[in-house]
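These notes concern the structure reproduced below.
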Amino acid sequence: MNPKLEIKKVTTKAVAELKQRGEKIAVLTAYDFLLAKLLDEAGVDIILVGDSLANVYQGRTTTLGVTLDEMIYHAKAVCRGVKRAMVIVDMPFLSYQISPEEAVRNCGRVMKETDAEGVKIEGGAPMAETIRRVLEIGIPVMGHLGLTPQSIHQFGSYEVRAKGGKEATQLLKDAKILDELGVFSLVLEKVPAKLAKRVTASVKAATIGIGAGPHCDGQVLVVYDMLGLYELASGKQPKFVRKYLEGRKLFRSAFERYVADVKGKKFPRKEESY
Ligand code: KIV
């Protein structure tokens, strides 16, 4: 086994090297300076400014409504907190689907206006020309296959995708197309572990799983989910979400103690006053 790869700054080259060495890649989302800084200090390799911010930050029911300006606003804050990790920005719905020209302009805006180091684009073969053009002007692209949340209304549910048959065959084809184009990594969301394993073995790009089992080259979670802060309206979290903190309980108890202290005239004390 190789000793752990020391990486001063995570780049596309470093990601490829991690895959080659069989060292797993840790990815989390972030939407603000403070959490991005903590993630970076903790050794997270890639920080994704995910359009999941539409759900967990803006309180929307899908990711469709978040705008490019909003993504750029959050990406700027995240980049200010990061030294080592690679920062990737999710391209929001309708910022890249209309034409390759518009995609180039909008991905270019992200790269020009933030310090991010790449973009994420959902979709397979139908997005090939767009991804080719974006890569052609030197922007690293992370692909995204499987349960692509921007297509939720077409899917009709958040169930596991590509369980077999045509959809699984197409996903493998799509992964190979994106890989040939040169995406540096590929998110596989909510697909069977067996399929994710097959894709991982078939592509040079680093696969990053979310609900895609243990065989991917890396794993990603939405940061508010893993902190136990975000709760779906149904109260049920998907089984792939491992909670590393009982965030809601801890935060709520802190806020309740604060309210009690203020109401009970216990805050501020003399030592906390001028
Ligand atoms: O928007 C997001 O956070 C994502 C990840 C969950 C992959 O796309």
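Counting starts at 1 for both ligands and their atoms, following the listed order.
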Practice problem: Just jot down the side chain to side chain donor-acceptor pair (under 3.5 Å) partners of Gln97, sequence neighbours excluded, or say none. | Solution: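 For Gln97, the residues satisfying side chain to side chain donor-acceptor pair (under 3.5 Å) (neighbours in sequence not counted) are Gln150.
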Does ligand 1 have any N/O atom under 3.5 Å from a protein N/O, and what are those pairs and their distances?
residue	atom	partner	partner atom	Å
ligand 1	1 (O)	Asp51	N	3.1
ligand 1	1 (O)	Asp51	OD1	3.0
ligand 1	1 (O)	Ser52	N	2.9
ligand 1	1 (O)	Ser52	OG	3.3
ligand 1	1 (O)	Asp90	OD2	3.1
ligand 1	3 (O)	Ser52	OG	2.5
ligand 1	8 (O)	Lys120	NZ	3.0

Practice problem: Scan residues 154-165 for pairs that pass side-chain hydrogen bond (donor to acceptor under 3.5 Å, both in side chains), counting only residues two or more places apart or in two chains. | Solution: Arg161-Glu167
Exercise. With sequence neighbours excluded, give me every side-chain hydrogen bond (donor to acceptor under 3.5 Å, both in side chains) pair touching residues 192-206.
Key: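 Residue pairs with at least one partner in residues 192-206: Thr200-Thr207.
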Quiz prompt | Same apolar cluster (I L V M F W Y, side chains within < 4.5 Å links), Leu34/Val78 | solution =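 Result: no, two separate clusters.
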Quiz item: Going only through I, L, V, M, F, W and Y residues with side-chain contacts under 4.5 Å, is there a path from Phe155 to Phe93?
Solution: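 Phe155 and Phe93: separate clusters.
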Quiz item: In terms of ring plane angle, is the pair His74 and Tyr31 parallel, tilted or perpendicular, where the classes change at 30° and 60°?
Solution: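 Ring orientation of His74 relative to Tyr31: perpendicular.
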